[in-house]
Peer 1: 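This is the structure, below, for whatever I ask next.
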Amino acid sequence: MKQYDYLIVGSGLYGATFAYLAHKAGKKCLVIDKRSHTGGNIYCQNVDGINVHKYGAHIFHTSNKKVWNFVNSFVEFNRYTNSPVANYKGSLFNLPFNMNTFYQMWGVTTPEQAKAKIEEQKAQSKIAEPKNLEEQAISLVGKDIYEKLIKDYTEKQWGRKCTELPSFIIRRLPVRFTFDNNYFNDAYQGIPIGGYNKIIEKLLDGTEVKTDTDFFADRKHFESLADKIVFTGKIDEFFDYKFGKLEYRTVRFETEELNVQNYQGNAVVNYTSHDEPYTRIIEHKHFEPESESYNQEKTIISKEYSTEWTEGAEPFYPVNNEKNSALYAKYKELAQNEKNIIFGGRLAEYKYYDMDDVIEKCINDWECLNK
């Protein structure tokens, strides 16, 4: 008989949620993580009372009431609403594209005027079938919005020209003809009061956890410990890169503490011109304006630089082009033939997941296992 029912590789949202569900069902689990902390990319580092989103901004949003009730059973959420601002060469525009944006762009004041302006520019482009991201964007929102708010930002994110990126990346763009700066359309939205670590701590409560522990450093030993493995790492690495390496984008952060109360007046400001090498600046304290430290004469900002993933960096976003999709399909077939291994999460499924989707998928996977 093995020591554990489940070995869970990775303590991000999928691994931690699985551990919680298994522990609640009386299963014995061991969670290991190669990082020095739990929580994966939602980990927050507390600096002078400010919860710093160590791996980039995470805003919880969902329309799934079951998932919303689930996360609220662990921690109370504030009413933070994601309303990013775009800075294009010093000019500011509200996001997502809405009547505030159109007024700032063209001086139009009614939905009818805004629609007419967009339709006029779409007609001028004469794009029948978009062949790349640039043509897709122009055919959706016209040339002005594309050139000021999409083109350079997207090229910085992906490290490729928009004319070289596939059109399916932005099949749809959020366009609203109302004065609504709320980026998400979901019914529920907020930030955990006190930071995301509180959720992870509650999910892992009662489960044995080892950080600074790399599954691949002693794979045979770890595989011998449990009846089943929950793997949340890179799927290609699990299979020893048998078919080759999947590609990722990564993000580098320059974080600094400033002796000012308020640096940019908003949590998220996107820089949509090549004039700045970073894609956006996050000011972390604005995620939790209710905190006691909010009004102190200190703030923490992070500049985000999107780059190609290399060994040793953190893989953030899968590059979902045809080549990588075909490669992942081969690994997925191998994964489906593994009877005692559950692959879950962003890296194991080579898929960009929102946080609520990760939790929903994990709950569904657990329920399928226990039918």
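Nothing here was measured: the structure is a model prediction, and the numbers come from that model.
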Peer 1: So, does Asp152 use its side chain to make a donor-acceptor pair with the main chain of Ser273 at under 3.5 Å?
Peer 2: no
Peer 1: For the CD atom on Glu76, are there more than 12 heavy atoms of other groups (residues, nucleotides or ligands in this structure) within a distance under 6.0 Å?
Peer 2: no
Peer 1: What is the distance from atom OG1 of Thr62 to atom CD of Glu360, rounded to the nearest 0.5 Å?
Peer 2: 7.0 Å
Peer 1: Ser36 versus Thr211: any side-chain heavy-atom pair under 4.5 Å?
Peer 2: no
Peer 1: Hey, mind stepping through Asp227 and Asn340 against side-chain contact (heavy atoms from CB on, under 4.5 Å) and telling me if it holds?
Peer 2: CA-CA 7 Å; Asp227 294 324; Asn340 294 316; over 6 Å; no
Peer 1: Would you tell me whether Asn262 and His286 have side-chain atoms, one donor and one acceptor, within less than 3.5 Å of each other?
Peer 2: yes
Peer 1: So does Phe184 have more than 12 non-hydrogen atoms from other groups sitting under 6.0 Å from CZ?
Peer 2: yes
Peer 1: Any sub-3.5 Å donor-acceptor pair from Thr279's side-chain atoms to Gln157's backbone N or O?
Peer 2: no
Peer 1: Does the side chain of Tyr183 reach to within under 4.5 Å of the side chain of Thr81, using non-hydrogen atoms?
Peer 2: no
Peer 1: Going by distance alone, is a donor N or O of one side chain under 3.5 Å from an acceptor N or O of the other, for Asn69 and Asn72?
Peer 2: no
Peer 1: Looking only at non-hydrogen atoms, find the nearest pair between Lys2 and Leu225 and report the distance.
Peer 2: CB-O, 3.5 Å
Peer 1: Ion pair present between Asp365 and Lys361, side-chain N to carboxylate O less than 4.0 angstrom?
Peer 2: yes
Peer 1: In Å and rounded to the nearest 0.5 Å, what is the OG to CG distance from Ser224 to Leu7?
Peer 2: 9.5 Å
Peer 1: When rounded to the nearest 0.5 angstrom, what is the spacing between OH in Tyr80 and CZ in Phe60?
Peer 2: 15.5 Å
Peer 1: Between Arg35 and Glu314 (salt bridge meaning N to carboxylate O under 4.0 Å), is one present in this structure?
Peer 2: yes
Peer 1: What pair of heavy atoms forms the shortest contact from Asn100 to Asp180, and how long is it?
Peer 2: ND2-N, 4.3 Å
Peer 1: Which value, rounded to the nearest 0.5 Å, describes the distance between Ile59 atom CD1 and Asp354 atom CG?
Peer 2: 10.0 Å
Peer 1: Testing the 3.5 Å rule here: is there a donor-acceptor pair between the side chains of Tyr294 and Glu288?
Peer 2: no
Peer 1: Measuring only between side-chain heavy atoms, which start at C-beta, is Arg176 closer than 4.5 Å to Pro96?
Peer 2: yes
Peer 1: Is a side-chain donor-acceptor pair under 3.5 Å present for Asn51 with Asn46?
Peer 2: yes
Peer 1: Will you find, in the side chains of Asn181 and Ser83, an N or O donor that is under 3.5 Å from an N or O acceptor?
Peer 2: no
Peer 1: Going through the distances and angles, do Tyr20 and Phe70 end up as a ring-ring contact (aromatic ring centres under 6.0 Å, His included)?
Peer 2: CA-CA 11 Å; Tyr20 170 80; Phe70 179 80; 5.8 Å; yes
Peer 1: Quick one: closest heavy-atom pair of Thr272 and Lys148, and the distance?
Peer 2: OG1-O, 2.8 Å
Peer 1: State, yes or no, whether a side-chain contact exists between Gln104 and Asn94 at a heavy-atom distance under 4.5 Å.
Peer 2: yes
Peer 1: Report the C-alpha distance between Ile342 and Phe18 in whole Å, list the side-chain angles of each, state the deciding distance to 0.1 Å, and finish with yes or no for side-chain contact (heavy atoms from CB on, under 4.5 Å).
Peer 2: CA-CA 10 Å; Ile342 298 124; Phe18 195 100; 4.2 Å; yes
Peer 1: Can you find a pair of side-chain heavy atoms, one from Asn182 and one from Gln189, that are under 4.5 Å apart?
Peer 2: yes
Peer 1: Inspect the contact between Lys330 and Glu333 and indicate whether a charged nitrogen and a carboxylate oxygen are less than 4.0 angstrom apart.
Peer 2: no
Peer 1: Flag the pair Lys151 and Glu134 as a salt bridge only when some basic side-chain nitrogen lies within less than 4.0 angstrom of an acidic carboxylate oxygen.
Peer 2: no
Peer 1: Does a donor on one side chain and an acceptor on the other come within less than 3.5 Å for Gln121 and Tyr146?
Peer 2: no
Peer 1: Closer than 4.0 angstrom, basic N to acidic O: yes or no for Glu257 and Lys285?
Peer 2: no
Peer 1: Answer yes or no on whether Lys115 is positioned over the face of Phe177, meaning its NZ or CZ is under 6.0 Å from the six-membered ring centre and within 45° of the axis.
Peer 2: yes
Peer 1: Show your working on salt bridge (charged side-chain N to carboxylate O under 4.0 Å, His left out) between Lys117 and Glu119 and close with a plain yes or no.
Peer 2: CA-CA 6 Å; Lys117 193 74 180 173; Glu119 289 305 319; over 6 Å; no
Peer 1: Just verifying a value: how many Å separate Ile150 CD1 and Asn270 CG, rounded to the nearest 0.5 Å?
Peer 2: 12.0 Å
Peer 1: If every non-hydrogen atom of Asn78 is compared with every non-hydrogen atom of Pro289, which pair is closest and at what distance?
Peer 2: ND2-CD, 4.3 Å
Peer 1: Less than 4.0 Å between a side-chain N and a carboxylate O, is that true for Lys156 and Glu304?
Peer 2: no
Peer 1: Shared ILVMFWY cluster between Phe287 and Val47, side chains joined below 4.5 angstrom?
Peer 2: no
Peer 1: Report yes or no: do Ile127 and Leu165 belong to one cluster of Ile/Leu/Val/Met/Phe/Trp/Tyr joined by side chain heavy-atom distances under 4.5 Å?
Peer 2: yes
Peer 1: Check for me, please, whether Ile193 and Trp68 land in the same ILVMFWY cluster - side-chain distances under 4.5 Å, paths through other members count.
Peer 2: no
Peer 1: If you round to the nearest 0.5 Å, how far is NZ of Lys228 from CG of Asp5?
Peer 2: 9.5 Å
Peer 1: Salt-bridge test for Arg219 and Glu223: reply yes if a basic N is under 4.0 Å from a carboxylate O, no otherwise.
Peer 2: yes
Peer 1: Is Met99 linked to Tyr103 within one hydrophobic cluster, defined over Ile, Leu, Val, Met, Phe, Trp and Tyr using a side-chain heavy-atom separation of less than 4.5 Å?
Peer 2: no
Peer 1: Please give me the minimum heavy-atom distance between Pro192 and Ile199, naming the atom from each residue.
Peer 2: CG-CD1, 3.9 Å
Peer 1: Could you please spell out the steps behind the side-chain contact (heavy atoms from CB on, under 4.5 Å) verdict for Lys234 and Asp236?
Peer 2: CA-CA 6 Å; Lys234 289 163 58 199; Asp236 53 349; 3.3 Å; yes
Peer 1: Is any side-chain heavy atom of Thr38 closer than 4.5 Å to one of Asp33?
Peer 2: no
Peer 1: Do the side chains of Met105 and Ile145 get nearer than 4.5 Å, heavy atoms only?
Peer 2: yes
Peer 1: Report the residue from Tyr317, Tyr350, Phe316, Tyr352 that forms a ring-ring contact (aromatic ring centres under 6.0 Å, His included) with Tyr248.
Peer 2: Tyr350
Peer 1: Tell me whether the rings of His37 and Tyr55 are parallel (<30°), tilted (30 to 60°) or perpendicular (>60°).
Peer 2: tilted
Peer 1: Inspect the contact between Glu247 and Lys245 and indicate whether a charged nitrogen and a carboxylate oxygen are less than 4.0 angstrom apart.
Peer 2: no
Peer 1: Which pair of heavy atoms, one from Ile42 and one from Asn197, lies closest together, and at what distance?
Peer 2: O-OD1, 4.3 Å
Peer 1: More than 12 heavy atoms of other residues, nucleotides or ligands under 6.0 Å from NZ of Lys122: is that the case?
Peer 2: yes
Peer 1: Does CD in Glu367 sit with more than 12 non-hydrogen atoms of other residues, nucleotides or ligands closer than 6.0 Å?
Peer 2: yes
Peer 1: Do Phe343 and Phe238 have ring centres separated by under 6.0 Å?
Peer 2: yes
Peer 1: Between Phe74 and Lys202, is there a cation-pi geometry (under 6.0 Å to ring centre, at most 45° from the normal)?
Peer 2: no
Peer 1: Counting distance only, does the side-chain N/O of His284 pair as donor-acceptor with the main-chain N or O of His53 below 3.5 Å?
Peer 2: yes
Peer 1: Side chains of Val358 and Arg346, heavy atoms from C-beta outward: is any pair under 4.5 Å?
Peer 2: no
Peer 1: Show your working on side-chain contact (heavy atoms from CB on, under 4.5 Å) between Lys34 and Phe216 and close with a plain yes or no.
Peer 2: CA-CA 9 Å; Lys34 67 180 181 181; Phe216 294 105; over 6 Å; no
Peer 1: Please check if Val85 and Trp106 belong to a single hydrophobic cluster, counting links between Ile, Leu, Val, Met, Phe, Trp and Tyr side chain heavy atoms closer than 4.5 Å.
Peer 2: no
